[in-house]
Amino acid sequence: MQSPFDCLPCCLKPDDDDDNNDSSEEIMAADANGLPQQEKEKGQETANGEKLTDTDGTKNNTTPTTKENNTKKESASTTTTNVSVGRRSLSLYMIRHAESRNNQIYREARQQFGYGTSDFDAEGCREYLETHRSPDPGLSDAGKQQVERLSSYWTSHLANQASHPVRIITSPMKRTLLTIRPTLQQLQQQQQQQSDKNQKMCRVKVVAFYHETGGCFEKGKAVEGMNPKDISNFLEESVADPKEDIDFVGFPSNSNRGWYYQGKVPETRADSEARADKFFLWLTEYLDAELTTGTNNNNNEEQEEDDLFDAGVAVPGEENECEHDKHSPRQRKRRKAILVGHADFMNLILTRIVAGFGHAVEKEGVPHRSAFVHFNTGITELEYFGKGRFLVMGSNQTPHFPVDENASLRTGGSIKDGWGYVVPNDDFMLHTEVSILDDDDDKESKVWDDHIRAQVDALQSLYLATAKLLRDHDTTTTTTTKEGGKNGKQGNVHFLVRRSMQVVGVATYSKSTGYLFDVAFRPSAQKEASKALIKSVKNHCRKFNHPAILVRPSTCAKSSTLCLAMFRELGFHKKKAVKGKTKNNKSRTDTDDVVLELKFPATCEYV
């Protein structure tokens, strides 16, 4: 019977063996707070507040002995659970800007010129956009209302649940600055009302390469955009001191140049993907630094990191706090970072967050198969644990728009807003190609990428007749060729039918016997994929001196009747009975099961 703890992560399972407690605690302690042991030893503290090392890395003479440590560990365990093995994290929020004037113009153009219909007026639509579109627009009337509600939501949330300063990272484009500016103004007012007016409420980073896909352009020509001085003036009344509270990242050394100073033409899809890689690297490095450093007070001395802790463990006094209430006061305020960006570029960053290092596009200039959609001012909430580790807590949320009202303010996040064009078109997805992997080639060629191997396993598990595989029976049979010579035991040739990175068919050919086995196709792609596969098999395997390709339909699909029909459509015919020996030296004839054959053509057929 399955244990109720089997579905839990290892660090949450109870210890079954008391003898192993020390080693398991040692392992978990090395990963506590999401930091390597060598980093923790630099000025870090245990859960009991005992300092392990001085800030210079030397051992502290007040470090308790092992016996004292064990005693304190047992004492601490009676009040809090697994505090010493927790992982600290910070809250990260990605927000799409409020509706811009360009968003409104594109929506009007789609409606006015019949975009996507047979009556679409492409020329009229192009002229309309060139006349009304701005390279760096402000907000629409709806966008201004969205910002008011967003500001009210964030002001309350950040005042009650965030430590200060709040980290704000924003695109340099005007619509993102306008989206976050009212929130900055509210935080500034709160700072003036505090007894300690020198306590910074926020720190703003304007990142030049965190702009929308396409860049800043007008009628096909690049526009530089605002420079640091322009942005500082734009936010002057929103922060206490623009020179101290605003940092500029990725801007040119010449402060008179704008953030898109290197742009020549509108940015291509491939360039946007490369920039997403760059920003994702910068972001994780920035967040890693935030997880390993304390906040700075006015004397530039490092403070206690009391806003970085394991938020999954409640301490006394927090039992009644509701995690879903984003406005009630918290006993412990958390470190938070807010990113204000754009729909498509946020999608590229989230693709990298979710897919890790497996996010590569399938073809240069072609979008990913999946995309993340956001309303204007839609919020995606994440937890960051360091070293590129994220939890997605919620996506495209609009808590500042109550469900029963303000429905008209949910703009930019429906399929009619053009999101269907963010995924690849059919022409790219229907291109079929066959890859070949030979067991007798170099070892390097024997390795399939993990995502390919996973798809092959799933395809065979779902559509293969696993009860009658030929791996143990036909592939090791010694046979006689038509030339009279004998083939010894040889490796196999594996065929993979793909539509870009998606596996739609797979088969294996035995060089010893001439049998094709473990054949499986996605039903939706079977007709095209099977033709491509058989053509490739005929071209590649004729050199192994077998007169024909042999196959048992019952070993290739769970429905042998359907498989039999498929192979007959491909030109296979029933083979005459031939006696032989299995690898267990048991007599059998091919009449024990239907065997089909396809004779090799006189000449090659190229795929």
Side-chain angles (χ1 to χ4, degrees), residues 361-363 366 369 424-441 445-449 451-465 469-470 475 491-511 513-544 546-573 595-607:
V361 294
E362 299 174 57
K363 185 178 180 181
V366 176
R369 288 176 183 261
N425 58 38
D426 286 346
D427 292 341
F428 169 71
M429 305 311 299
L430 296 180
H431 174 68
T432 302
E433 60 184 50
V434 181
S435 300
I436 301 172
L437 189 69
D438 194 320
D439 286 345
D440 294 329
D441 288 345
S445 66
K446 295 182 181 181
V447 180
W448 280 344
D449 291 338
H451 73 93
I452 295 293
R453 181 73 264 172
Q455 290 185 73
V456 170
D457 290 345
L459 189 66
Q460 292 181 331
S461 174
L462 189 60
Y463 296 115
L464 200 62
L469 294 183
L470 292 178
T475 60
N492 299 320
V493 183
H494 308 278
F495 293 85
L496 195 71
V497 188
R498 296 188 300 171
R499 288 176 175 171
S500 191
M501 288 186 179
Q502 184 185 55
V503 177
V504 296
V506 64
T508 299
Y509 178 83
S510 169
K511 290 189 280 187
T513 67
Y515 269 94
L516 192 66
F517 62 101
D518 285 8
V519 182
F521 297 103
R522 293 177 69 112
S524 60
Q526 178 174 298
K527 186 174 181 179
E528 296 81 7
S530 61
K531 290 180 180 179
L533 183 139
I534 294 303
K535 185 178 288 187
S536 183
V537 172
K538 288 192 291 186
N539 288 338
H540 185 79
C541 297
R542 59 186 292 114
K543 61 186 177 183
F544 300 122
H546 293 292
I549 304 170
L550 305 176
V551 64
R552 277 195 178 86
S554 62
T555 65
C556 297
K558 291 185 177 179
S559 174
S560 58
T561 303
L562 293 177
C563 194
L564 179 63
M566 177 191 72
F567 280 111
R568 283 179 170 167
E569 286 182 5
L570 293 170
F572 282 76
H573 301 282
V595 177
L596 301 179
E597 66 176 357
L598 178 65
K599 294 187 180 298
F600 283 105
T603 58
C604 291
E605 301 175 41
Y606 294 98
V607 178

- Query: Can any side-chain N or O of E597 pair as donor or acceptor with the backbone N or O of A548 at less than 3.5 Å?
  - Reply: no

- Grab the two heavy atoms, one from A529 and one from V504, that are nearest each other, plus how far apart they are. CB-CG2, 3.9 Å

- Min side-chain heavy-atom separation V456-L496 under 4.5 Å: yes

- Item | Shortest non-hydrogen contact from N492 toward S510 | OD1-CA, 3.4 Å

- Message: Using every non-hydrogen atom in the two residues, find where M501 and I452 come nearest and quote the distance to one decimal.
- Response: O-CD1, 4.0 Å

- Message: Within the supplied structure, the quantity of interest is the number of heavy atoms (other residues, nucleotides, ligands) at a distance under 6.0 Å from H573 NE2; does it exceed 12?
- Response: no

- With R453 via side-chain hydrogen bond (donor to acceptor under 3.5 Å, both in side chains) - residues at least two apart: D457

- Query: Say you draw a straight line from CG of L564 to CZ of F572; how long is it, rounded to the nearest 0.5 Å?
  - Reply: 11.5 Å

- Message: Nearest 0.5 Å, please: how far is CG in L516 from CG in L598?
- Response: 10.0 Å

- Message: Between E569 (side chain only) and K527 (backbone N and O only), is there a donor and an acceptor less than 3.5 Å apart?
- Response: no

- Query: Can you check whether V519 reaches F495 side chain to side chain, under 4.5 Å on heavy atoms?
  - Reply: no

- Can you tell me how far OG1 of T432 sits from CD of E528, rounded to the nearest 0.5 angstrom? 6.5 Å

- Message: Using the rule given for side-chain contact (heavy atoms from CB on, under 4.5 Å), can you reason through H494 versus D439, listing the C-alpha separation, both sets of side-chain angles and the distance that settles it, and then say yes or no?
- Response: CA-CA 8 Å; H494 308 278; D439 286 345; 3.0 Å; yes

- Which atom names give the shortest non-hydrogen contact between A520 and L459, and what distance separates them? O-CD2, 3.7 Å

- If you round to the nearest 0.5 Å, how far is SG of C541 from OH of Y509? 5.0 Å

- Query: Do NZ/NE/NH1/NH2 and the carboxylate oxygens of D438 and K511 come within less than 4.0 Å?
  - Reply: yes

- Task: Quick one: list whatever passes side-chain hydrogen bond (donor to acceptor under 3.5 Å, both in side chains) with Q502, sequence neighbours left out.
- Result: none

- Message: Quick one, R499 and R522 - any side-chain contact, counting heavy atoms below 4.5 Å?
- Response: no

- Under 4.5 Å between any side-chain heavy atoms of L464 and D518, yes or no? yes

- Listed partners of R498 passing salt bridge (charged side-chain N to carboxylate O under 4.0 Å, His left out), at least two apart: E433

- Note on the structure: Between the CG atom in L550 and the NZ atom in K599, the distance rounded to the nearest 0.5 Å is 9.0 Å

- Quick one: pull up CD in Q526 and CE in M566 and give me the separation to the nearest 0.5 Å. 5.0 Å

